[in-house]
Amino acid sequence: MAEGESREEDYRRRERRRERSKMRSSSGEECGGIAGAKEIDENEYRRMLIVGHRLPLIAIPPRRRGHGGDGDGGGDGDEQQQQQQEGWKFSWDEDSLLLQLKAGLPKEMEVMYIGCLKVEVESMEEQEQVATTLLQNFNCVPAFLPPDVRTRFYHGFCKQTLWPLFHYLLPLSSPPPAPDHLHHHQDHGSYGSGYDGGGSGGGGGLRFNRSFWQAYVSVNKIFADKVMEVISPDDDYVWIHDYHLMLLPTFLRKRFNKVRLGYFLHTPFPSSEIYRTLPVRDEILKALLNADLIGFHTFDYARHFLSCCSRMLGLAYESKRGYIGLEYYGRMVGIKILPVGIHMGQLKLGLQLPATKWHIRELQAEFEGKTVLLGMDDMDIFKGIGLKLLAFEQLLLLHSRWRGRVVLLQIVNPARGQGKDVEELQNEADAIAQRINGRFGSEGYEPVVLVQRHVPFHERIAYYTVAECCVVTAVRDGMNLIPYEYIACREGRSQWDDDASSVGPNPEPTKKKSMLIVSEFIGCSPSLSGAIRVNPWNIEAVAEAMNLAITLPDSEQHMRHEKHFRFVSTHDVAYWARSFIGDLQRTCKGHARQRCYGIGFGLGFRVIALDPDFRRLRTDLIASVYKKSSSRAILLDYNGTMIPQATTIDNPTPSSEVLSVLNTLCSDPKNFVVIISGQGRNVLEDCFSSCERLGLAAEHGYFYRWHRDSEWVRCRRQRGYWDTSSAVNFEWKQVVEPVMEKYTESTDGSYIERKESAIVWHYHDADPDFGLWQAKELLDHLESVLVSQPVTVKRGAHIVEVKPQGVSKGVVVEELLAMMSLKSVSPDFVLCIGDDRSDQDMFETISTSMARSRSAELFACTVRQKPSKAKYYLDDVTEVIRLLQGLAAASDPAAGAAVHCLASSSSNPTLETLHV
């Protein structure tokens, strides 16, 4: 009774939380669009929503009855339905990872599961009753999928597109004809629609099917709806698991901008060369990036994901203090690399089961006097079962002394589906096993023992315990916890050996030992440093590894076992869950300080995260200040600010619209307008030849002039006085050019830009990874050969630049403001707009200089939302031009008649001739 009351109280508490969530969503993020920052209190009670394709439950449906019941059919329909519902039986699936990870969560943290049942619930009434039962008794929220959608989602897109692709199987062959129950989903044209049942043993690798993709999107939306039914976005964390729900982060982020969201992929992530073949590659990458933290089992999987983001989305990752992250629209998306572990407590309890002990004794008697090699795999094209059998055959052929003494015990779990590939795998395994047994077997000795059925938990532990070596030869696999379980069970075997050795006057404890042969292509391989790693495709090498494993001295086997057991016991599933949640809380805490709002439609939705003080520059706000000011400095970057970012030396000229608004601004006597660019002065002269009163600063301020008729002069730090005759030493160019030419020859898509004061190596069009690698090498090379030269070597956005020391946009801006102050025309309005790293110097200098003047209004603005020293932003070049047009319209109408800029008409600008 007490338990029932407790469950009822939990249910009422969840309902209250759900109502509070709806009230917050109606008045908060969904309506306002921008969410305010809120600090996470680590001591505050929170709930974890764990979302996976399957609920961690075992569901046994009731036996179906006819509509007439047992009698004449006159029974009450509601009573009959209740009787049928009472026939449902549910229990926790102790083998489920989603259930086991609770061991790593705080005891006070409530856990709720969202997913599908493994069996189908047909009627709507029955679904509602099952959902109520699971919510009240198990804290689970079931998602019910329409049968046709479920088939196209799971057996279609998941098992015929994602699963093969993530295991490096390309869709190179034409699809077979679809069975009748999928024919009406077939796409015509270039898309095939073959179906073979999927499952872990499905063939996969078929051509992309748009109908399957649509079902995948629909199912992810259904899961999002289920999460929305129970989530309290201000209190809950959401942890999504595996490749079935890769779009779910987008749909949840769209509902609540600041939802705390983690995602973990339990399969391999393929290299960019494989992944890029997926027609919906960008949609999936962008959806994953809507999570706060993305987890992978190994560095290789994370590296492939980061490479895909770099090559397809142009995103670069950052590594700082042991953490890896991707900046995505102002949010730092964390990347977590940590292999999942096993549940040590569950295995320890399993070793104590009477059924386990009985089965161990049976196996010991059956294989007495023989060395047992164990294989335990699903019937899957990627598990390499046939390769393992061929290697064992090679072992018996090359090392005849093991005939009659070594047995390969191969457990083959049934495939999750049926199809042509599954049948071929089964036939291949049977044929090889029969050949080996026929050739090397004898009376009382069967070299290969195939167990092709589901093996219960206690029986699996018994097989682990008696095996001297575990062999895993998968050609591509995710984590694969079989080796971990084997090591833990071999540790427990010592109980049996110690009991046997305790009989006698001087009992001695038996040394614990185990041996592992693992494929290089499985996720657990990097963490098992004492295992014999093999290429499963090399049959002879695997055979020799088997021979080595069973001939190693006991002391060596003991040492390797101890090393493995230390890792497995300390990096169990609880450790994995604690570590992931800890990083998720840390990442979300940083995001809580930001202001967020969503943009985009459908799968293109993303969240823009900004610093609380970082906001959009509104034309109406700046125009009112502009009108009241009497002395204005307008400082503008060129490439990426006034025109779209150019990727080659031949930059596009400014549009007539840009030239017109610049001339209008220059015609106002209160304005001093300057273009400050990294381009050469010849380029700027050609581009702005029609702007008579426009000031230009070329090559990041190394050269500048205050209007069209004045001469170019060098920055003050490059000369001792105001003239153009000072000679500058550019001998360092003779050292730099040969080095850059060498790297250009070896890097396709790179080129050299030669300026008067600098030399720039561009690699924007090169391979992203190779270009970045070469840039780092070039940077180190140039710094070593130019150590005694008065130059600076910097790496920027797809460039490596060498320029004289003391040259920056900040320096020329500082010079400008100093001259205005000396003439008693210090600006009371400063607008500075730029888009790249070089403009940050401008923002910093202006902020420092203008801080001394309390009456001056400063508007430092960057183009696009990104970390910046500016306080304002505009989205793109179009918004920049629109803002300048608004200022031009706000200028004095008489400005056109009194065309007068901050410059003199003399050929040499000096402090005495500069005026407003």
Q. Distance from I294 atom CD1 to D583 atom CG, nearest 0.5 Å?
A. 13.0 Å
Q.
I want to know whether F223 and H244 have ring centres closer than 6.0 Å.
A. no
Q: May I ask you to check whether H561 and S514 show a side-chain donor-acceptor distance below 3.5 Å?
A: yes
Q: Indicate whether any N or O donor in one side chain lies under 3.5 Å from an N or O acceptor in the other, for S211 and R152.
A: yes
Q. When rounded to the nearest 0.5 angstrom, what distance separates CZ in F208 from CG in L165?
A. 11.0 Å
**Q.** Spacing of NE2 belonging to H53 relative to CG belonging to L98, to within rounding of 0.5 Å
**A.** 11.5 Å
Q. Got a second to check how far T465's OG1 is from L363's CG, nearest 0.5 Å?
A. 9.0 Å
Q. Do you see a donor-acceptor pair shorter than 3.5 Å between the side chains of Y484 and S527?
A. yes
Q) Side-chain contact, heavy-atom cut-off 4.5 Å: P268 with D477? A) no
Q: Verify whether one side chain among H399 and E544 offers a donor that lies under 3.5 Å from an acceptor in the other.
A: yes
(Q) Determine whether the aromatic ring centres of residues F580 and F264 are separated by less than 6.0 angstrom. (A) yes
Q: Answer whether the closest heavy-atom distance between the side chains of C489 and L347 falls below 4.5 Å.
A: yes
Q: Assess the side chains of D430 and Q452: does a donor N or O sit below 3.5 Å from an acceptor N or O?
A: yes
Q. So, do W402 and F392 have ring centers that fall under 6.0 Å from each other?
A. no
Q. Under 3.5 Å, is there a donor-acceptor pair between the Q160 and N209 side chains?
A. no
Q: Test the R281-Y275 pair against the cation-pi criterion, namely NZ or CZ under 6.0 angstrom from the six-membered ring centroid and within 45° of the ring axis.
A: no
Q: Answer yes when E562 and K512 have at least one side-chain N-carboxylate O distance shorter than 4.0 Å, and no when they do not.
A: no
Q: Compute the centroid of each ring, for F296 and then for H304, and state whether the two points are separated by less than 6.0 Å.
A: no
Q: Indicate, with yes or no, if the rings of F269 and F166 have centres closer together than 6.0 Å.
A: yes
Q: Using a cut-off of 6.0 Å, state whether more than 12 heavy atoms not belonging to W92 lie near its atom CH2.
A: yes
Q | Where T473 and G384 come nearest, the two heavy atoms and their spacing | A | OG1-O, 3.1 Å
Q. Any chance the rings of F382 and H167 have centres within less than 6.0 Å?
A. yes
Q. Could you state the interatomic distance from CZ (R361) to CD (Q364), rounded to the nearest 0.5 Å?
A. 8.5 Å
(Q) As a quick check of understanding, evaluate side-chain contact (heavy atoms from CB on, under 4.5 Å) for V451 and V412, giving each step before the final call. (A) CA-CA 6 Å; V451 180; V412 182; over 6 Å; no
Q: Could you check if a side-chain atom of F567 sits within less than 4.5 angstrom of a side-chain atom of S569, using non-hydrogen atoms only?
A: no
Q. Going by atom types alone, do N413 and R460 pair a side-chain donor with an acceptor below 3.5 Å?
A. no
Q. When you check the side-chain N and O atoms of Q346 and E94, is any donor under 3.5 Å from an acceptor?
A. no
Q: Would you indicate whether the side-chain heavy atoms of I284 and L162 approach each other to under 4.5 Å?
A: yes
Q) Does the pair M376 and E485 meet the rule for a side-chain contact (heavy atoms from CB on, under 4.5 Å), with working shown? A) CA-CA 11 Å; M376 189 170 294; E485 293 180 346; 5.6 Å; no
(Q) Distance alone, cut at 3.5 Å: any donor-acceptor contact between the side chains of S579 and K336? (A) yes
Q: Compute whether any side-chain donor of one residue and acceptor of the other, for Q410 and D377, lie under 3.5 angstrom apart.
A: yes
Q) Any luck finding a side-chain donor-acceptor pair between H241 and H266 under 3.5 Å? A) yes
(Q) Whether E491 and R566 form a salt bridge (side-chain N of Lys/Arg under 4.0 Å from carboxylate O of Asp/Glu) is what I want to check. (A) no
(Q) I'd like to know if R533 pairs up with E520 as an ion pair, taking the criterion as any Lys NZ or Arg NE/NH1/NH2 lying under 4.0 Å from an Asp or Glu carboxylate oxygen. (A) no
Q) Is the gap between the ring centers of F212 and F157 under 6.0 Å? A) no
(Q) Please find the pair of heavy atoms, one from R490 and one from V466, that lie closest to each other, and give the distance. (A) NH1-C, 4.0 Å
Q: Taking all non-hydrogen atoms of both residues into account, name the closest pair between M246 and L288 and its distance.
A: CE-CD1, 3.6 Å
